[in-house]
Amino acid sequence: MYRTHTCGELRLADAGKEVTLAGWVQRVRDKGSLVWIDLRDRYGITQLFLQDGVSDPKLMEQARTFGREYVIQAKGTVIERESKNPNMPTGEIELRVSEFKLLNASKVPPFTIEDVSDGGDDLRMKYRYLDLRRNPVRKNLELRHRMAILVRNYLNEKNFLEIETPFMIKSTPEGARDFVVPSRMNPGEFYALPQSPQQYKQLLMVAGFDRYFQIVRCFRDEDLRADRQPEFTQIDCEMSFVEQEDVLQTFEGLAKHLFKEVKGLEFGQFPRMTWHDAMKYYGSDKPDIRFGMKFVELNDVVKGKGFSLFDNAELVVGICAEGCSEYTRKQLDGLTEFVKRPQVGAGGMVYVKYNTDGTFKSSVDKFYTPDDLKLVAEKFGAKPGDLMFILCGDAMKTRVQLNALRLEMGNQLGLRNPDVYAPLWVIDFPLLEWDEETQRYYAMHHPFTAPKPEDEALLDDPSKWGEIRANAYDIVMNGVEVGGGSIRIHDRVLQNKMFHTLGFTDEKAQEQFGFLMGAFEYGAPPHAGLAFGFDRLCSLFGGADSIRDFIAFPKNNAGRDVMSGSPSPISQEQLDELQIALNLKS
Ligand code: ASP
């Protein structure tokens, strides 16, 4: 037997027991007549102890040969510690060693395997298997495991079946870019890795499975950011014979279950906001509603006073930061710089200070009298001591810019506490989204999303396409989109109409989606679904921004696995077998 206990298990009640432990040497402290070794495994750390006059000198010599990360086995007696460590679960005991066995030596690790490591990001990614030995990283994966089990149990209770769908599928270039896999047996032909199991889960509904889920890997060849990985995991779900309300209730239930079990938090009904309101009041389709600072539109009180920037703008809109009227010149300049950064893209920013003595000070005092500014303040519902920020320009662009400023203010004022959770449903997304570059409409969610029945007739009038609302919804938490879905089109005629709207000819639609369309002719039930981004959900519950920390072996920002060195060239032989000739541009 390699071990009788784990390194996190022994307590004072075990004193006197003869035990065997196995694990990694975290460190050796050699005080000459006393030697301590911290032995670590997944479960914790136990202190091993040797002492001149009590321990065999040979054993003490052996202990001194162990380096960091050596794998050893230690036999001995559990004894009560003289100086106890209340910060460690095993801190009241130590193991007086009677026998060691070296199981495997280790090179000196390139960084310290401790809670706070001295290794930089790149180094830790290269030696990810060592990074994974560290507590914080291991804890993230433990959380992920726990959440996966909770999800499975919850959905199982609700009659969902977990069904696997293929990873090698037909490429459908709608949405993001596909990763493709060449087929040796069918030269010149390619599979695609699924961006999501969307069409398969809809086929499962046609097949009568009624409630499906899968914790499943998805692949999207997109530019990467901190919260994006080329392969990521969804909790993918689909249900038959349901309306939007059923879907929202079911998955709100799942989210509440997770909050309760993992965080001990209870919620009433999650608030709901239409996409239109989300954009109007927060400039974002995923508003962070942990704090207020809702947008206030000011066209009617600021126009016509001779300030041409406002006069010529489609929209003048602002936010009010409570209690910030004492902001210094430097702070205001900093915020102006912030909104002017290319990532935000505003031309500038107007501020109005509502001083505690009731007077006003603004960057547009030349154009606005104190009475004018009072009207502005009333619009905001501002009080003395508040500070208002105003942006102007094209309506949608300005809202998006103001969203960036609102979030920045939220950060500066400490209003975005990661321990506070504010879930929200955003509903009634637009069905279609215009793309300037290609001069056509794209499905905002995906082409299988149903329009709201009351907006369906607008599909016949191309001038109204931008106004059609979809039966689509996102679940948002703390400004992060953690999931989304829709009621699907299950009627072939409507689906055809949708494809036409998206610029597909009949042939093209048939070629791309023929199998799904065909299936719809054999009794497709009304159905709907949703997918959670599982990595994001885990990072949110774990209180971190990056999903990378919750994936055992993630890729870096260039899409590379620096540990294994992928992607990598393949041999000429492999290329020949696939009948692929490279034509590299650089
Ligand atoms: N397949 C969709 C997605 O990946 C989710 C859904 O509509 O169920 O976003």
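Atoms within a ligand are numbered from 1 in the order they appear, just like the ligands themselves.
- Between Q195 and ligand 1, no pair of N/O atoms sits closer than 3.5 Å.
- Scanning the protein heavy atoms around atom 5 (C) of ligand 1, the nearest turns out to be G484 O, 3.5 Å.
- Considering backbone and side-chain atoms alike, S196 places an N or O below 3.5 Å from some N or O of ligand 1.
- Atom NZ of K452 sits in a crowded spot, with more than 12 heavy atoms from other residues, nucleotides or ligands closer than 6.0 Å.
- Distances from atom 3 (C) of ligand 1 to the heavy atoms of R488, Q234, K201 show the closest one on Q234.
- Using modelled atom types and a 3.5 Å distance limit, the side chains of R406 and N403 yield no donor-acceptor pair.
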Walk me through whether F553 and Y129 qualify under ring pair (Phe, Tyr, Trp, His ring centres under 6.0 Å).
CA-CA 9 Å; F553 297 104; Y129 46 89; 8.4 Å; no
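- Between Y200 and Y212, the gap from one ring centroid to the other reaches at least 6.0 Å.
- Judged by distance alone, the side chain of E314 and the main-chain N or O of A395 form a donor-acceptor pair under 3.5 Å.
- Using a 4.0 Å cutoff on heavy atoms, E481 does not count as a contact of ligand 1.
- Separation of the F267 and Y421 ring centroids does not fall under the 6.0 Å cut-off.
- Each of V216, I215, T165 was scored for a side-chain contact (heavy atoms from CB on, under 4.5 Å) with D236, with one residue passing: V216.
- Between W425 and F270, the angle of the ring planes lies from 30° to 60°, which puts this pair in the tilted group.
- Numbered from 1 in the order shown, with element, the atoms of ligand 1 that lie under 4.0 Å from a heavy atom of R220 read 3 (C), 4 (O).
- Residue G485 has at least one heavy-atom neighbour below 4.0 Å for each of these atoms of ligand 1: 6 (C), 7 (O).
- Summary of contacts: the protein heavy atom closest to atom 2 (C) of ligand 1 is Q198 OE1, 3.5 Å.
- Not a single N or O atom of D236, backbone or side chain, sits closer than 3.5 Å to an N or O atom of ligand 1.
- Listed by atom number, the atoms of ligand 1 under 4.0 Å from L530 heavy atoms are 8 (O).
- Atom 9 (O) of ligand 1 has its closest protein heavy atom at H445 CE1, 3.9 Å.
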